[in-house]
Amino acid sequence: MDFVDTEYFTFLDDDDWFLPNGIATMIAKITEGYAAVFASCLRSTDGATAGVTHGVVGEFGCSEYICGKLEGEFAVIFRSDALGELRFDAEQYGAESVLWGKVLRDKKMYYMDFAAKMYRVGHTSVMTTLFDNATRGLVCYQNLISEFSDDLLEYCPKTLVRYYSLMYLYASLSGDVNAKKEALSRLIALRGYMSLSAAKTFIAAFLPLFVI
């Protein structure tokens with residue numbers, strides 16, 4: 001990212017590919033003044049859409065993004081000047097949304113309902129390999145909570161509680177007692193926003209790893 005010297009940039013994994021006219025169509029939209037433009041991905045296994053927008057259509061703001069309204073895989077093009085000096089935290093594993101949330105804060109984004117990229121479905125995923133990187137996985141959720149807790153509490157408190165549940169899970173996996181205590185105290189304080197998903201994640205912390 002230190003070498004980005006173009007007006008816009010995107011990421012492409014080495015086993016994915018952009019579909020014909022995907023980039024051109026997204027560039028045409030981002031020039032209308034957006035910090036980022038999102039479009040759909042298709043799964044390589046069955047051609048189905050790889051991401052879910054949960055009602056996001058057209059223009060949207062950062063609150064929709066950090067609340068997880070765009071869930072799964074998407075093609076994204078960013079305006080380079082929105083990046084500034086922001087970079088990934090090398091101590092965490094995955095959770096690109098920490099950086100993108102900071103990049104997109106107080107800016108306008110746009111979702112285009114068309115397939116711009118093909119996403120190759122592999123045999124492993126970040127979520128499964130996080131178990132082998134539990135300490136770095138814990139950092140992901142600590143960073144998400146540290147950066148966006150106020151916004152999450154205002155716009156989507158159930159998402160904040162889910163992050164605390166995940167923080168508790170990875171703190172358990174990594175043996176970080178202090179992080180477990182912090183996550184547990186916040187879960188108790190916010191128990192009114194506990195969802196079924198968050199409850200399952202919390203319970204998973206007490207199960208053997210092979211069961212998880």
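Scope of the values below: all heavy atoms of this structure, side chains included, with no hydrogens, waters or symmetry mates. Since the model is a prediction, treat every value here as computed from it, not as a measurement.
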Seminar exercise, completed: H54 and G68 have their tightest heavy-atom pair at CD2-O, 3.8 Å
Exercise. With a cut-off of 6.0 Å (strictly less than), are more than 12 heavy atoms of other residues, nucleotides or ligands near CG of D15?
Worked result: yes
Exercise. Should the pair F206 and Y168 be assigned to parallel (<30°), tilted (30 to 60°) or perpendicular (>60°) ring geometry?
Worked result: tilted
For this session: State yes or no: do M112 and F18 share one hydrophobic cluster built from I, L, V, M, F, W and Y residues joined by side-chain heavy-atom distances below 4.5 Å, directly or via other members?
Result: yes
Problem set entry | Criterion side chain to side chain contact (heavy atoms under 4.5 Å, CB included) on T159 and R162, from CA distance to verdict | CA-CA 5 Å; T159 300; R162 182 162 60 87; 4.1 Å; yes
For this session: Check whether any side-chain heavy atom of P157 sits under 4.5 Å from a side-chain heavy atom of L190, and report yes or no.
Result: no
Problem set entry | Heavy-atom pair of closest approach, residues R87 and M1 | NH2-O, 3.7 Å
Problem set entry | Donor-acceptor contact present, side-chain D176 to main-chain A179, <3.5 Å | yes
Exercise. Could you give the distance from CE (M26) to OG1 (T31), rounded to the nearest 0.5 Å?
Worked result: 12.5 Å
Problem set entry | Heavy-atom pair with the smallest gap, counting every atom of V76 and T10 | O-OG1, 2.5 Å
Problem set entry | Spacing of CE belonging to M109 relative to CZ belonging to R79, to within rounding of 0.5 Å | 11.0 Å
For this session: Take F74 and T53 through the side chain to side chain contact (heavy atoms under 4.5 Å, CB included) test and state the conclusion after the steps.
Result: CA-CA 10 Å; F74 292 89; T53 62; 3.9 Å; yes
For this session: Evaluate the side-chain proximity of M167 to I145: yes if any heavy-atom separation is below 4.5 Å, no if none is.
Result: yes
Exercise. Parallel, tilted or perpendicular: which fits the ring planes of F38 and F78, with parallel below 30° and perpendicular above 60°?
Worked result: perpendicular
Exercise. Are any of the side-chain nitrogens in R120 or D13 under 4.0 Å away from the carboxylate oxygens of its partner?
Worked result: no
Exercise. Between Y141 and Q92, is any pair of side-chain heavy atoms under 4.5 Å apart?
Worked result: no
For this session: Can you measure from SG (C140) to OH (Y163) and round to the nearest 0.5 angstrom?
Result: 11.0 Å
For this session: Evaluate side chain to side chain contact (heavy atoms under 4.5 Å, CB included) for C41 paired with K117, printing each intermediate quantity in order.
Result: CA-CA 5 Å; C41 290; K117 190 170 78 171; 3.4 Å; yes
Exercise. Same cluster for F114 and Y110 if Ile/Leu/Val/Met/Phe/Trp/Tyr side chains link at under 4.5 Å?
Worked result: yes
Exercise. Is there a donor in the side chain of Y111 and an acceptor in the side chain of S40, or the other way round, less than 3.5 Å apart?
Worked result: yes
For this session: Please say whether more than 12 non-hydrogen atoms of neighbouring residues, nucleotides or ligands are located less than 6.0 Å from CD in E7.
Result: no
For this session: Could you list all the disulfide bond (SG atoms under 2.5 Å apart) pairs where at least one residue sits in residues 150-200, not counting sequence neighbours?
Result: C67-C156
Exercise. Short question: side chain of S174, backbone of T135 - any donor-acceptor pair under 3.5 Å?
Worked result: no
Exercise. Any chain of hydrophobic side-chain contacts (each under 4.5 Å) joining V139 to L169?
Worked result: no
Exercise. CG of L166 to OG1 of T201: how many Å apart, nearest 0.5 Å?
Worked result: 5.0 Å
Problem set entry | CA sep, side-chain torsions, deciding dist, call: Y8, I30, side chain to side chain contact (heavy atoms under 4.5 Å, CB included) | CA-CA 9 Å; Y8 309 102; I30 201 171; 3.5 Å; yes
Exercise. For T25, does its backbone N or O pair with a side-chain atom of K29 as donor and acceptor, under 3.5 Å?
Worked result: no
For this session: Verify, without hydrogens or angle tests, whether E147 (side chain) and L144 (backbone) share a donor-acceptor contact under 3.5 angstrom.
Result: no
For this session: Determine the interplanar angle of the F11 and W100 rings, folded into 0 to 90°, and report it as parallel if under 30°, tilted if 30 to 60°, perpendicular if over 60°.
Result: tilted
For this session: Kindly write out the residues that satisfy salt bridge (Lys or Arg N to Asp or Glu O under 4.0 Å) with D5, not counting sequence neighbours, or none if the list is empty.
Result: none
For this session: Could you check if a side-chain atom of L184 sits within less than 4.5 angstrom of a side-chain atom of Y164, using non-hydrogen atoms only?
Result: no
Exercise. At what distance, to the nearest 0.5 angstrom, does CG of L70 lie from OG of S97?
Worked result: 11.5 Å
For this session: For the residue pair L153 and S149, establish whether any side-chain heavy-atom pair is separated by less than 4.5 Å.
Result: no
Exercise. Considering all heavy atoms of both residues, which atom of A82 and which atom of V103 are nearest to each other, and what is their separation?
Worked result: O-CG1, 3.6 Å
Problem set entry | R191 side-chain N/O to I188 backbone N/O, donor-acceptor pair under 3.5 Å | yes
Problem set entry | Student check: side-chain heavy atoms of K107 and Y34 closer than 4.5 Å | no
Exercise. Less than 4.5 Å apart, any side-chain heavy atom of V57 and any of D113?
Worked result: no
Exercise. Under 6.0 Å from the six-membered ring centre of Y193 and within 45° of its axis: does the NZ or CZ of K158 meet both?
Worked result: no
Exercise. Can you tell me how far NZ of K69 sits from OG of S63, rounded to the nearest 0.5 angstrom?
Worked result: 9.0 Å
Exercise. Hey, quick one: are Y155 and Y65 part of the same hydrophobic cluster, counting side-chain heavy atoms closer than 4.5 Å, chains of contacts allowed?
Worked result: no
Problem set entry | Closest approach of L104 to A36 (non-hydrogen atoms, all atoms of both residues) | CD2-CB, 3.7 Å
Problem set entry | Donor-acceptor under 3.5 Å (T49 side chain, G51 main chain) | no
Seminar exercise, completed: Closest non-hydrogen atoms of L152 and I66, given as atom of the first, atom of the second and distance, are CD2-O, 3.5 Å
For this session: Would you indicate whether the side-chain heavy atoms of V98 and F88 approach each other to under 4.5 Å?
Result: no
Problem set entry | ILVMFWY network linking I23 to V37, side-chain heavy atoms under 4.5 angstrom | yes
Exercise. Which ILVMFWY residues are connected to L19, directly or by a chain of links, through side-chain heavy atoms under 4.5 Å apart?
Worked result: W17, L42, M118
